[in-house]
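By convention here, the first residue in the shown sequence is residue 1. Hydrogens, waters and symmetry mates play no part in the numbers below; they use all other heavy atoms, side chains included.
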Amino acid sequence: MDPQPASKDALLPEHRELTPCDREPIHLSGAVQPHGIMLVADPKTMRVVAGAGAIEDVLTPEWLGRDLSELLAQDVAALADAAPMGPGGTVLAAPVAGLDVALHRSGPWLIAELEPAGEETRSAAATLGWLDAITAGFERAGTLKALCERAATAFRALTGFDRVMIYRFLDDEAGCVVGEDRDPALSSFLHHHFPATDIPRQARALYVRNRTRVIPDVHYVPAPLRPAGFEGVDLSDVAIRSVSPVHVEYLQNMGVEASASISIVKDGLLWGLVACHNMTPKTMSRSIRAAAAAMAGALARQILAKEEAEAYRGRLALRSEEDALRPLLFQDADLLKILGRRVEEVRRMLDADGLVLIRDQTVIASGVVPADEDVLDLVRALSLREEAMPFATRELAAEWHGARSFGAITGVLALRIDDRHVMMWLRVEQIEEIEWAGNPHKAVPHDPDVTLHPRASFESWHETVRGRARRWTLEQIEGVGRLRRLLREARASNELRRLNQELERASADKDALLVQKDLLMREVDHRVQNSLQLVSSFLAIQARDAGPGAVADQLREARSRLSAVALVHRRLYSDDQIETIDLSRYIGELIEDMKASLGDEWGRHMSLSLAPVLIPTDRAVNIGLIAAELVINATKYAYPAQDGGPIEIVLEQYRNRLRLIVADQGVGKKGDGEGFGSRMMRAVIQRIDGQVEYLDNRPGLRAVLTAPIEAD
């Protein structure tokens, strides 16, 4: 929404800022933890150019400039060739001097890190069997709470740490301990909250990239890279990377001597962490970390299953209420009159404390509601917003200057049906008692010139939070969107019935005019579609006459771009709803058109996984153009030495954003792409406030478009 003046009728703009912790370059520490050693080599010559740790004691005093294969007594070049490119591309080598060896690439360098091998008593088969039994237990957990409790116990049994916590990130990026298993002598952090500043944003990004991390002794002295000049080497994927001094001080303030963390990544996003603390120094071998990462993956899948089951139950309950309301709405043309008779049922439908129905300046209220004039003030403020999405907040004072007039009502879910009608569900304040691990308001200073220090106290600190109501669930917000479509459908149906009754009484001239109007609209639509088809045919003929080469390819690309626009036009006039469109259906039909244009050698290799996403039509056109361009690029550059290859197109939704993925298994990204298509795509991406990332698909390229479903 656009920023508005600070008046009672204005909604408040949203802004967020980075803290100094968020800016710390923790991946460029330039040092390792001393329990391991690291060697940096030139992958072309295999000569060691830098290192860190007690290399002289473990390997040889004469290590600098030596061949890495000689130092590690194995063919490192062959192993390096097998190492996948990109983040997490690690390959294990044979142990050396009782140390596990891992190789991966970092920019222009090949990095070998050596750390103590574990003394696990379980065999690989026994470990797999144990993991299978544990994950089966995860499946039997009936609730998310029970699942997290079982997970904490399982991870503690695997790692042997004194305290293991399942730490979940909340919507405001703070965290909460939702599961814990600990030594009885230790105090509990269960249900304690931790402020977002405890885990900065760049640290959360590294948790997605590097799923396990261990600090065997928080009192360690970092071993810097030597010789000087290699401080800028990216150590994001180095397991023994020296961590931020702020984080070390944070752990020391907690009284922790060793720590470990395992990421819980759900659908590519960081859901939470398995946080492990030990009161004495303790390491975790690479094999245990691998088992922990596998178990965290199983946990993430079960979390997803539990959340989807809960969401399904919520949707089912709302559907039942909608089905009961549907026949009533189609009986009377006055929807406000129908809803007024069922106001209590509609209020309870979303577990609201109050419900307000507004038509122009008329207000019908039920339950706990503010004065009519205050309701109308909020309606005027909401008129500044686009009506495509419902307005939902649990903290009205954070969104609207006039919230004080609503008293104890702090939760609002408002739905604009049309220019005259608004529905508003209300919830009263729910006072929360939050137990923090230390005072969150004394977390981290915002002065960039002040030396960073973490908070020193983690004593239980209680905070009474006022001004917030119960949270509106995503299913409830979606249900309100469906209700608006139902109301519009009922209104259209009732209006159509009224018009039909009038038409039956009208003269034959009116019937003729209506038929003439319908014929005219069909003729206009027909001619527009014929024009688009004619242009497409001209492009196809010119591409054929141009013969093989760049001109023909550019003409085919232009035809694909034209198809993206023409397809939306066909969809608009074949559906009743023209403001929005099902993006999955549109993308699917667009790809089918492109298959016909590209030929069977490409069509049979394309696979689609498209989740339904309802999106404004103008944004669908832009996303269709981007999708067409990404598929065109994949066909042009991914498989230069063959006719066709696998291309996967995925569409998915997370909250109010969508993600479109076009992935191939070809040669990866080549060059900077400064042609017309690239310039056009950058302009379109900027228009929809999106961004495109090009990731290593190992092999091939994975282009990921992320954009809001609605325009800001």
Side-chain angles (χ1 to χ4, degrees), residues 21 23-93 96-97 99-116 200 202-203 205-207 209-210 212-248 286 452 696:
C21 284
R23 300 186 182 96
E24 186 182 7
I26 58 178
H27 63 298
L28 303 177
S29 63
V32 301
Q33 300 179 58
H35 69 280
I37 65 175
M38 185 177 74
L39 300 171
V40 181
D42 184 335
K44 296 179 181 178
T45 64
M46 285 298 159
R47 297 297 176 185
V48 176
V49 297
I55 307 173
E56 292 82 359
D57 296 336
V58 175
L59 297 178
T60 175
E62 304 297 331
W63 56 272
L64 190 61
R66 291 277 299 278
D67 188 286
L68 187 60
S69 296
E70 293 179 5
L71 288 176
L72 300 183
Q74 52 195 299
D75 188 354
V76 174
L79 292 170
D81 290 340
M85 299 294 292
T90 301
V91 63
L92 300 181
V96 174
L99 302 177
D100 286 333
V101 180
L103 303 170
H104 61 262
R105 299 179 184 272
S106 177
W109 307 115
L110 177 65
I111 292 181
E113 52 178 320
L114 293 76
E115 56 182 313
Q202 80 277 31
L206 277 182
Y207 279 126
R209 176 171 178 169
N210 196 343
T212 61
R213 187 193 64 183
V214 182
I215 306 176
D217 187 347
V218 298
H219 300 289
Y220 76 89
V221 176
L225 272 166
R226 46 198 169 94
F230 289 88
E231 296 81 3
V233 175
D234 188 345
L235 304 182
S236 298
D237 297 319
V238 176
I240 60 173
R241 169 180 57 84
S242 182
V243 299
S244 166
V246 178
H247 182 62
V248 170
R286 185 172 289 274
L452 292 179
D696 195 332

Checklist line | Contact summary for W63 and A50, nearest pair of heavy atoms | finding: CZ3-C, 3.6 Å
Next item on the list: State, with a plain yes or no, whether a side-chain heavy atom of H219 is found less than 4.5 Å away from one of V248.
Entry: no
Item checked: Pair V48-V40, side-chain contact (heavy atoms from CB on, under 4.5 Å): steps then yes or no -> CA-CA 6 Å; V48 176; V40 181; over 6 Å; no
Notebook entry, point to check: Hey, what do you get for CG (D234) to CZ (R241), rounding to the nearest 0.5 Å?
Noted result: 9.5 Å
Notebook entry, point to check: If we only count heavy atoms from C-beta on, is the V238 to M38 side-chain gap below 4.5 Å?
Noted result: yes
Next item on the list: For M46 and A77, work out which heavy atoms get closest and say how close.
Entry: CE-CA, 3.6 Å
Next item on the list: For residues L79 and A93, report the shortest heavy-atom separation together with the two atoms involved.
Entry: CD1-CB, 3.6 Å
Notebook entry, point to check: When rounded to the nearest 0.5 angstrom, what distance separates CG in L110 from CG in L103?
Noted result: 5.5 Å
Notebook entry, point to check: Do V233 and S106 come within less than 4.5 Å of each other through their side chains, counting heavy atoms only?
Noted result: yes
Next item on the list: Verify, without hydrogens or angle tests, whether Q74 (side chain) and L72 (backbone) share a donor-acceptor contact under 3.5 angstrom.
Entry: yes
Check: Would a distance-only check, ignoring hydrogens and angles, find a side-chain to backbone donor-acceptor pair under 3.5 Å from S242 to Q33?
Finding: no
Check: Taking all non-hydrogen atoms of both residues, which atom of P227 and which atom of L64 are closest, and how far apart?
Finding: CD-CD1, 4.1 Å
Check: For the side chain of R209 and the backbone of A205, is there at least one donor-acceptor N/O pair under 3.5 Å apart?
Finding: no
Next item on the list: Write down the atom of A223, the atom of A52, and the distance for their closest heavy-atom approach.
Entry: O-CB, 3.5 Å
Notebook entry, point to check: CG/L39 to CD1/I37 distance, rounded to the nearest 0.5 angstrom?
Noted result: 5.5 Å
Checklist line | Reported CG-to-OG distance for the pair N210 and S236, which is rounded to 0.5 angstrom | finding: 8.0 Å
Margin query: Main chain of L114, side chain of D100: is a donor-acceptor contact present, judged purely on distance under 3.5 Å?
Written below: no
Next item on the list: State the CZ-CD distance between R286 and E113, to the nearest 0.5 angstrom.
Entry: 5.0 Å
Item checked: Worked verdict on R213 versus V243 for side-chain contact (heavy atoms from CB on, under 4.5 Å) -> CA-CA 10 Å; R213 187 193 64 183; V243 299; 4.0 Å; yes
Note to self: Salt bridge check, R226 against E56: does any charged N sit closer than 4.0 Å to a carboxylate O?
What the structure shows: yes
Checklist line | Distance-minimising heavy-atom pair for A31 and P224 | finding: CB-CA, 3.7 Å
Margin query: Could you check whether any side-chain heavy atom of R47 comes within less than 4.5 Å of a side-chain heavy atom of D67, counting everything from C-beta outward?
Written below: yes
Checklist line | Test log, rule side-chain contact (heavy atoms from CB on, under 4.5 Å), inputs V96 and L59 | finding: CA-CA 9 Å; V96 174; L59 297 178; 3.9 Å; yes
Next item on the list: Measure the CG-CD1 distance between L235 and I111 for me, rounded to the nearest 0.5 Å.
Entry: 5.5 Å
Margin query: For R105 and D237: C-alpha separation, side-chain torsions, deciding distance, then whether side-chain contact (heavy atoms from CB on, under 4.5 Å) applies.
Written below: CA-CA 9 Å; R105 299 179 184 272; D237 297 319; over 6 Å; no
Next item on the list: Please tell me if the side chains of T60 and R66 come closer than 4.5 Å, counting only heavy atoms from C-beta onward.
Entry: yes
